[in-house]
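Below: the structure, in structure tokens.
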Amino acid sequence: QVQLVESGGGLVQAGGSLRLSCEASGRAFSGYVMGWFREAPGQERVFVASIDRTGSGADYADSVKGRFTISMDNAKNTVHLQMNSLKVDDTAVYYCAAGGVLGSIWPREYSYWGQGTQVTVTS
């Protein structure tokens, strides 16, 4: 079993930055790819970024490439999502997920989920 706890969401103006963190615990954690998804009001949950446990491979949705960076801190069992140049369209609940393989972009491919953290970007 893997437990995921997100933090770092909040309110920010367009053009600003936020850093999300997801701390993982559980005996089986070491074998999973970590991902971030987001869900805007009235919309489906969509892929944002993922990274393998070594930190050597990462994938990004086209909408966030060049603005968001995903990284792993294995010493702390924590995955981060640095979000720069935020846009109003980035407003959503952001979820951390574990499971799947690098390249997995569908929620059903991930086995474990955090509770989500709200990110609100104002104009």
Can you give me the closest heavy-atom contact between [X] and [Y], atom names plus distance?
X	Y	result
Ser7	Thr117	C-OG1, 4.5 Å
Gln115	Val5	OE1-CA, 3.9 Å
Trp36	Leu81	NE1-CB, 3.6 Å
Met34	Leu4	CE-CD2, 3.8 Å
Ala40	Ala92	N-CB, 3.8 Å
Asp52	Leu102	N-CD1, 3.8 Å

*Do the side chains of Trp106 and Val93 join up, straight or via other hydrophobic residues, at under 4.5 Å, putting them in one cluster?*
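Same cluster: Trp106 reaches Val93 through Ile, Leu, Val, Met, Phe, Trp or Tyr contacts under 4.5 Å.
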Are Met83 and Val12 linked, directly or through intermediate hydrophobic residues, by side-chain heavy-atom contacts shorter than 4.5 Å (ILVMFWY only)?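 Same hydrophobic cluster.
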So do [Y] and [X] actually touch side chain to side chain, heavy atoms under 4.5 Å?
X	Y	value
Arg38	Val119	no
Ser50	Tyr110	yes
Tyr112	Tyr32	yes
Glu6	Leu20	no

Flag, side chain of [X] to backbone of [Y], donor-acceptor distance under 3.5 Å:
X	Y	value
Asp59	Ser104	no
Thr91	Val121	yes
Tyr60	Ile70	yes

Between Ser21 and Glu23, is there a side-chain donor-acceptor contact under 3.5 Å, judged purely by atom types and distance?
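No, no side-chain donor-acceptor contact under 3.5 Å.
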Next on the checklist: Heavy-atom count check: over 12 atoms from other residues, nucleotides or ligands less than 6.0 Å from Glu44 CD?
Outcome noted: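 Incorrect, the count does not exceed 12.
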Could you check whether the rings of Tyr94 and Phe68 sit parallel, tilted or perpendicular, using 30° and 60° as the cut-offs?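 Geometry flag for Phe68 against Tyr94: tilted rings.
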